[in-house]
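Starting from 1, each residue takes its place in the sequence as its number. We count ligands from 1, going down the list as the structure has it; atoms in each ligand are counted the same way. This structure is a prediction, so every number in the text was calculated from the model and none was measured.
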Amino acid sequence: MAETIILSGKTVSQNVYNSLQTRIDLLKSSGCTPGLAAVLVGDDPASNVYVNSKTRRFNTLGLFSETICLPEICSENELVSIIHKLNNDDRFHGILVQMPLPNHLNESVIIESVDPLKDVDGFHPENLGLLTAGRPQFVPCTPKGIMRILKYYEIDPSGKHVVVLGRSNIVGRPLSILMSLKQSYSNATTTICHSGTIDIPYYTQQADILIAAIGVPEFVTSDHIKDGAVIIDVGINRVEDDSENGYTLVGDVHFDSVNGKATAISPVPGGVGPMTIAMLVENTVEAAERFVTGE
Ligand code: GUN
């Protein structure tokens, strides 16, 4: 069997940044520097790392970003009033509230307080509704990044059976909608498997393209897939060990087990992760363009 192709999010994201540069330059020459406000509540180490990588990328590209760090005990009212201020602050074209939030905060209330025109995460019900209607405004970054990886490697989901493992509002559900849209590089037959699915391997073994987004370390093994499947691994799981960091990052797919059986696989790290950040930048540039043109 041919060697499994590695779907490099590093390569594809660099391609995205290169093609965004002209749009960024144009915005800046009209006096608008695309800006992102990242809101981080509490001190979850993984969320800290993600927000830092996002804002670092904005800085590298000469874009504007500010991180608003709030204590774990922050109240819902306080957070909503901060978001309302950001909605009215023209320096920020995009607002991101890092998930998950502490348990005492209602995620829906917080997400719905972000202006849909600044909702670069695409989590607001208005944006999810527009996506479902096939008229997307902001598409959630991880699903959008997965579609972009497939397109870059000319893996066309049209007519294929795509099985999505996981129904989160951040990845699984919006991805299943994107995959089934009647448009180029979508148009797939989609199945979503989740914690209520009886006999997950029955479905995953039928997948031409399998997306693993359930947050269970190395859940998908060679027994789950058919020969020649394309595997996208969305998981970033910290597994504690005696390494220097005290943990190792692993995906939802057991890489060594499927390597050689799959046609292509996205690695962890270096697969979907860099694409999420690239799509956040792209969505923020889009938001800034809408702000400037008033469309
Ligand atoms: N938590 C995990 N993924 C994401 C994401 O794409 N955006 C936000 N805001 N939080 C997340």
Enquirer: Have a look at His161 and tell me which of Thr191, Thr189, Asp208 forms a side-chain hydrogen bond (donor to acceptor under 3.5 Å, both in side chains) with it.
Expert: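 Between His161 and the candidates, side-chain hydrogen bond (donor to acceptor under 3.5 Å, both in side chains) is satisfied uniquely by Thr191.
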Enquirer: Closest non-hydrogen protein atom to atom 11 (C) of ligand 1, residue and atom name please, with distance?
Expert: Gln98 NE2, 3.4 Å
Enquirer: Suppose we measure from atom 3 (N) of ligand 1 to each protein heavy atom; which comes out shortest, and what is that distance?
Expert: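 Ranked first by proximity to atom 3 (N) of ligand 1 is Ile170 CG2, 3.9 Å.
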Enquirer: Could you check whether any heavy atom of Tyr50 sits closer than 4.0 Å to an atom of ligand 1, since that is the contact criterion I want to use?
Expert: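 For ligand 1, residue contact (heavy atoms, under 4.0 Å) with Tyr50 is absent.
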Enquirer: If the test is side-chain hydrogen bond (donor to acceptor under 3.5 Å, both in side chains), which one of Gln137, Lys144, His93 qualifies with Asn283?
Expert: Lys144
Enquirer: Quick check: Asp121 and ligand 1, any N/O pair under 3.5 Å apart?
Expert: yes
Enquirer: Do Arg148 and Tyr153 meet the cation-pi criteria used here (NZ or CZ under 6.0 Å from the six-membered ring centre, within 45° of the axis)?
Expert: no
Enquirer: Who's the nearest protein heavy-atom neighbour of atom 1 (N) of ligand 1, and how far?
Expert: Met99 O, 3.0 Å
Enquirer: Asp44: which residues meet the salt bridge (charged side-chain N to carboxylate O under 4.0 Å, His left out) condition with it, sequence neighbours left out?
Expert: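 For Asp44 there are no salt bridge (charged side-chain N to carboxylate O under 4.0 Å, His left out) partners, ignoring immediate neighbours.
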Enquirer: Can a donor-acceptor pair be found, under 3.5 Å and without considering hydrogens, that links the side chain of Asp252 to the backbone of Phe219?
Expert: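 It does not hold such a pair.
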Enquirer: Using distance alone, determine whether Val97 and ligand 1 share an N or O pair under 3.5 Å.
Expert: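 Yes - when backbone and side-chain N and O of Val97 are compared with those of ligand 1, one distance drops under 3.5 Å.
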